[in-house]
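First comes the structure, then the notes that go with it.
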Amino acid sequence: MIALDNITLTFPDGGGRLTALDGVSLTADRGTVTGITGPSGSGKSSLLAVAATLIRPDSGNVMIGGVDASGMSRTESAALRRFSIGIVFQQANLLPSLTAREQLLVMNELGEPGSRRRRPAAAAHADELLAAVGLAEHGAKRPHQLSGGQRQRVNIARALMNDPSVLLVDEPTSALDQERGAAIIELILRLTEELDTATLLVTHDLTHLPRMHDTVQLVDGRLAQLQY
Ligand code: ADP
Ligand code: MG
């Protein structure tokens, strides 16, 4: 599970500080999707960046699977991300020269020693995930040979290569039409159940929210009552 407790985050802004998150608390259990909505600039991406331990808040605590990430060093939080957190950004950021399957395999080569020994298991896991996102037949294609929706599926599969307990997804449908967007949301809901992740899913598209286990709205960096 992931628990954010009383998170406040500010950024430098001219002479003063801009408050991006103001006392935000949020808990999500494994096997559930929490939808996070709110207008542009309300702090959604900032909240995901804090949850991902990519940005350290001014105050408040981040607990990932019972581990307190708040006081961790950069090295410790990098290890936490590598083993426990899957991150899907708005843009797929796939490497143009790699095939879909290679985008996943490369995750095994980052950082840790023993990557060579783990290659067979990583290859099997990559094939499993490509099948799970509906791309079993497309593993040999490079990004330019895939549609926007297919690239987003590769992006999601890649984030799941390390068997994360927490999955953080930022506006995955923003570049897609309604139908492909809805399919991506369905996919995230299904994978969350199958892989038992605690998933935070940012979307500005309110039509998807009723499908989620829980929903919150950010307004000016604060949690507000959700209306839709
Ligand atoms: P959202 O994802 O809901 O559109 P963001 O979390 O990106 O909102 O931004 C929240 C507020 O924080 C905005 O006012 C934005 O301009 C500001 N902000 C976000 N990132 C930075 C940054 N790195 N430096 C300064 N201000 C930032
Ligand atoms: Mg954003």
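Throughout, numbering of the chain's residues begins at 1 and tracks the sequence. One-based numbering, in listed order, for ligands and for the atoms of each. Everything numeric in this text was worked out from a predicted model, so none of it was measured. No hydrogens, no waters, no symmetry mates; every other heavy atom, side chains included, goes into these values.
- Salt bridge Arg116/Glu109: absent, no basic N to carboxylate O contact under 4.0 Å.
- If you look at Leu18 next to ligand 1, the close heavy atoms, those under 4.0 Å, all belong to the side chain.
- For ligand 1, one of its N or O atoms has an N or O atom of Gly43 under 3.5 Å away.
- Annotation: atom 19 (C) of ligand 1 to nearest protein heavy atom, Phe11 CE1, 3.4 Å.
- Under the 4.0 angstrom criterion, atom 25 (C) of ligand 1 counts as having a protein heavy-atom contact.
- Checking Leu189, Ile156, Leu201 one by one against Ile184, the side-chain contact (heavy atoms from CB on, under 4.5 Å) holds for a single residue, Ile156.
- Every atom of ligand 1 is numbered from 1 in the order shown, and the set under 4.0 Å from a heavy atom of Ser46 is 5 (P), 6 (O), 9 (O), 10 (C).
- Between the CG atom of Leu209 and the NE2 atom of His204 there is a distance of 11.0 Å, given to the nearest 0.5 Å.
- At a threshold of 2.8 Å, the Mg ion (ligand 2) has a backbone or side-chain N, O or S atom of Ser45 nearer than that distance.
- With Gly221, Gly41, Pro12 as candidates, the residue nearest to atom 4 (O) of ligand 1 on a non-hydrogen basis is Gly41.
- The protein heavy atom nearest to atom 7 (O) of ligand 1 is Ser45 CB, 3.8 Å.
- A side-chain donor-acceptor contact under 3.5 Å links Asn61 and Ser70.
- With respect to the salt-bridge test (charged N to carboxylate O, under 4.0 angstrom), the residues Arg101 and Asp127 qualify.
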Would Thr8 and Asp58 count as a side chain to side chain donor-acceptor pair (under 3.5 Å) here? Give the steps. CA-CA 6 Å; Thr8 294; Asp58 299 43; over 6 Å; no
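- Residue contacts with ligand 1 include Pro39, since one or more of its heavy atoms lies under 4.0 Å from the ligand.
- One finds no salt bridge joining Arg190 and Glu186 here, because no Lys/Arg side-chain nitrogen approaches an Asp/Glu carboxylate oxygen to under 4.0 Å.
- No more than 12 heavy-atom neighbours from other residues, nucleotides or ligands sit within 6.0 angstrom of CZ on Arg211.
- Atoms of ligand 1 found under 4.0 Å from any heavy atom of Ala20 (numbered from 1 in listed order, with element): 12 (O).
- Atom 16 (O) of ligand 1 is never approached by the protein to below 4.0 angstrom, counting heavy atoms only.
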